[in-house]
Amino acid sequence: MAKITTDYITLQQFLKLENIASSGGEAKILVSQLDITVNGEKENRRGRKLYPGDEVIVSKKKYRVEK
């Protein structure tokens, strides 16, 4: 569960927050390589905005964005 203090975060920020990626450059590569879905839709944009309540699945592991 990723807790955020803003209205939204980007997928790239989310990957860093959850320690899936250690840097923005690594997040960019991972978004193109990993199987990522947001609310059931395949996602490959690292700038995708994530809001509280969104469900993110990265390589079959589920996460939820919380405020």
Side-chain angles (χ1 to χ4, degrees):
M1 173 175 59
K3 289 202 174 229
I4 62 173
T5 57
T6 57
D7 291 336
Y8 68 87
I9 60 171
T10 64
L11 180 57
Q12 177 175 308
Q13 291 169 322
F14 173 83
L15 293 175
K16 291 191 299 186
L17 180 66
E18 287 295 328
N19 295 316
I20 298 168
S22 59
S23 68
E26 184 181 7
K28 180 180 180 179
I29 294 167
L30 291 177
V31 167
S32 67
Q33 293 179 342
L34 297 177
D35 182 27
I36 300 174
T37 60
V38 177
N39 299 327
E41 297 178 10
K42 179 107 172 93
E43 190 55 66
N44 61 4
R45 298 172 295 162
R46 64 189 167 115
R48 163 75 186 257
K49 292 179 181 175
L50 303 176
Y51 297 91
D54 282 350
E55 180 183 76
V56 180
I57 301 175
V58 179
S59 298
K60 300 182 181 176
K61 185 170 180 186
K62 289 185 182 182
Y63 302 89
R64 183 165 299 277
V65 180
E66 299 290 335
K67 186 90 173 171

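Throughout, numbering of the chain's residues begins at 1 and tracks the sequence.
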Engineer: Side chains of L17 and Q13, heavy atoms from C-beta outward: is any pair under 4.5 Å?
Structural biologist: no
Engineer: Would you say that E43 contacts E41 through its side chain, given a criterion of any heavy-atom pair below 4.5 Å between the two side chains?
Structural biologist: no
Engineer: What are the two closest non-hydrogen atoms of D54 and N39, and how far apart are they?
Structural biologist: OD1-ND2, 3.0 Å
Engineer: Taking atom OH as the centre, does Y8 end up with more than 12 heavy-atom neighbours from other residues, nucleotides or ligands that are less than 6.0 angstrom away?
Structural biologist: no
Engineer: With sequence neighbours left out, what residues match Q12 under side chain to side chain contact (heavy atoms under 4.5 Å, CB included)?
Structural biologist: T10, K16, A27, R46
Engineer: Mind checking the CG-CD1 spacing from L30 to I20? Nearest 0.5 Å is all I need.
Structural biologist: 8.5 Å
Engineer: Scan the side chains in residues 56-67 for donor-acceptor partners under 3.5 Å anywhere in the protein, sequence neighbours excluded, and list what turns up.
Structural biologist:
{"from": "R64", "atom 1": "NH1", "to": "G53", "atom 2": "O", "distance (Å)": "2.7"}
{"from": "K67", "atom 1": "NZ", "to": "T6", "atom 2": "O", "distance (Å)": "2.9"}

Engineer: To the nearest 0.5 Å, tell me how far S23 OG sits from L15 CG.
Structural biologist: 11.0 Å
Engineer: Got a second to check how far K42's NZ is from T37's OG1, nearest 0.5 Å?
Structural biologist: 8.5 Å
